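First up is the structure itself, then whatever we jot down about it.
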Amino acid sequence: PLRLTRLDVLTTPASMRAWRRAREGSVGLVPTMGYLHDGHLSLVEASQERDDLTVVSIFVNPTQFGPNEDYLRYPRTQQRDVDGLEAAGCDAVFLPSAEVMYPYGSKNCVQMHVPGITDILCGAHRPGHFNGVATVVSRLFNMVQPDIAVFGRKDYQQLQVIRYMSHEMSFPVEIIPAPTLREASGLAMSSRNQYLSAQDRITA
């Protein structure tokens, strides 16, 4: 269990919606998979500049991982992430379980599909990845009910998928793109940079 913090930690759609109803003002959402770094915190800051309250979701989403990808070993550092969000002045963190997000299981869930744009570039090499992204983001929009949602430009195709889906589905959420933060070497900050060898980092 997480240590008690001043940050509101919410784990179910019911508690998230109750939190939302009990507060006045606009709400910004920053969706993440955790293992937060300064790039994520810059998205939190972008939300704070625009809205009264900021919610960060942390959920390692199984539907966006392929069968041979790193779902099981993706880093999970909830307490460190929550502590960092508290220090950044975030108002709430949404920490749903896989059972909460997908009550019928990730294989039997209702899925979103954004045609065309998901089948090129990264999507051509990761079949189903962006369907999983669209599926989880649509659920987060429903559960958190934000006024804005902030996504980094680093994941540029993902940003376009979310924009397409939000417009086509008439979600009442403004999508805010945020700049890419880079390490001193120029490498874009990413939770997966930990996988890179020294030579890989130079190549990247």
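Please read all numbers here as calculations on a predicted model, not as lab measurements.
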Point to revise | For T180 against K154, the heavy-atom pair lying closest together | key: OG1-N, 3.1 Å

**Study point:** Cluster link V93 to W19, ILVMFWY, side chain under 4.5 Å
**Key:** no

**Study point:** R20 versus D147, closest heavy-atom pair with distance
**Key:** NH2-OD2, 3.0 Å

**Study point:** Sidechain-backbone polar pair: Q48 side chain, A88 backbone, donor-acceptor under 3.5 Å
**Key:** yes

Check your understanding: If you draw the axis of the six-membered ring of F171, does the NZ or CZ of R139 fall within 45° of it and under 6.0 Å from the ring centre?
Key -> no

Check your understanding: Just wondering, do V44 and L36 contact through their side chains at under 4.5 Å, heavy atoms?
Key -> no

Review point. If you measure from the Lys or Arg side-chain nitrogens to the Asp or Glu carboxylate oxygens, is any gap between D70 and R192 under 4.0 Å?
Key: yes

Point to revise | Step-by-step salt bridge (Lys or Arg N to Asp or Glu O under 4.0 Å) determination, E174 to R50 | key: CA-CA 11 Å; E174 181 183 2; R50 292 167 173 81; over 6 Å; no

Review point. How long is the span from the OG atom in S185 to the CG atom in N193, to the nearest 0.5 Å?
Key: 8.5 Å

Check your understanding: Under 30°, 30 to 60°, or over 60°: which ring-plane class applies to F151 and F141, parallel, tilted or perpendicular?
Key -> perpendicular

Point to revise | N/O donor-acceptor pair under 3.5 Å between S26 side chain and D52 backbone | key: yes

Practice item. Flag the pair H113 / T118 as yes when at least one side-chain heavy-atom distance between them is below 4.5 Å, and no otherwise. Key: yes

Review point. What's the shortest heavy-atom distance between G28 and P146, and which atoms?
Key: C-CB, 4.5 Å

Review point. Is Q157 reaching over with its side chain to a backbone N or O of C122, donor-acceptor style, under 3.5 angstrom?
Key: yes

Practice item. List the steps and the verdict of side chain to side chain contact (heavy atoms under 4.5 Å, CB included) for I175 and L159. Key: CA-CA 9 Å; I175 306 302; L159 172 63; 3.9 Å; yes

Check your understanding: Distance-only, no hydrogens or angles: does the Q111 side chain make a donor-acceptor pair with backbone N or O of T135 under 3.5 Å?
Key -> no

Exercise for review: For L41 and L85, run side chain to side chain contact (heavy atoms under 4.5 Å, CB included): C-alpha distance rounded to whole Å, both residues' side-chain angles, the deciding distance at 0.1 Å, then the answer.
Suggested key: CA-CA 8 Å; L41 297 181; L85 292 171; 4.2 Å; yes

Review point. Is the shortest heavy-atom distance from the side chain of R163 to the side chain of I117 under 4.5 Å?
Key: no

Study note, to complete from the structure: Tightest non-hydrogen contact, residues Q145 and R17, listed as NE2-NE, 3.9 Å

Point to revise | ILVMFWY network linking F59 to M143, side-chain heavy atoms under 4.5 angstrom | key: yes

Exercise for review: Provide the closest heavy-atom pair for S106 versus P62 in the form atom of the first, atom of the second, distance.
Suggested key: CB-CG, 4.0 Å

Review point. Are the charged groups of E69 and R126 less than 4.0 angstrom apart, N to O?
Key: yes

Review point. Side chains of N131 and T63: closer than 4.5 Å at any heavy-atom pair?
Key: no

Check your understanding: Roughly how far, to the nearest 0.5 Å, is the CG atom of D38 from the CE atom of M189?
Key -> 5.0 Å

**Study point:** Same cluster (ILVMFWY, side-chain, under 4.5 Å), M33 and M16
**Key:** no

Check your understanding: Partners of S191 by side chain to side chain contact (heavy atoms under 4.5 Å, CB included), sequence neighbours excluded?
Key -> Y35, H37, H40, Y74

Revision key, fill the gap. Taking every heavy atom of L10 against every heavy atom of S15, the minimum-distance pair comes out as CB-OG, 3.8 Å

Check your understanding: So, do V137 and V161 sit near enough that their side-chain heavy atoms are less than 4.5 Å apart?
Key -> no

Review point. Shared ILVMFWY cluster between M112 and V144, side chains joined below 4.5 angstrom?
Key: yes

Review point. When clusters are formed by joining ILVMFWY residues with side-chain heavy atoms under 4.5 Å apart, either directly or through shared neighbours, do V60 and F94 land in the same one?
Key: no

Study note, to complete from the structure: Rounded to the nearest 0.5 angstrom, the CZ-CG distance for R23 and D8 is 5.0 Å

Practice item. Starting from the C-alpha separation in whole Å, work towards a yes-or-no answer on side chain to side chain contact (heavy atoms under 4.5 Å, CB included) for R73 and Y195. Key: CA-CA 11 Å; R73 65 190 181 102; Y195 299 156; 3.6 Å; yes

Practice item. Measure the shortest side-chain to side-chain distance between D81 and R76 over non-hydrogen atoms and say whether it is less than 4.5 angstrom. Key: no

**Study point:** Side-chain heavy-atom pair T11, V100 within 4.5 angstrom cut-off
**Key:** no

Check your understanding: Under the side chain to side chain contact (heavy atoms under 4.5 Å, CB included) criterion, do L7 and C90 qualify, and how do the steps go?
Key -> CA-CA 7 Å; L7 182 71; C90 188; 4.0 Å; yes

Practice item. Answer yes or no: is there a donor N or O on one side and an acceptor on the other, between the side chain of D51 and the main chain of L29, under 3.5 Å? Key: no

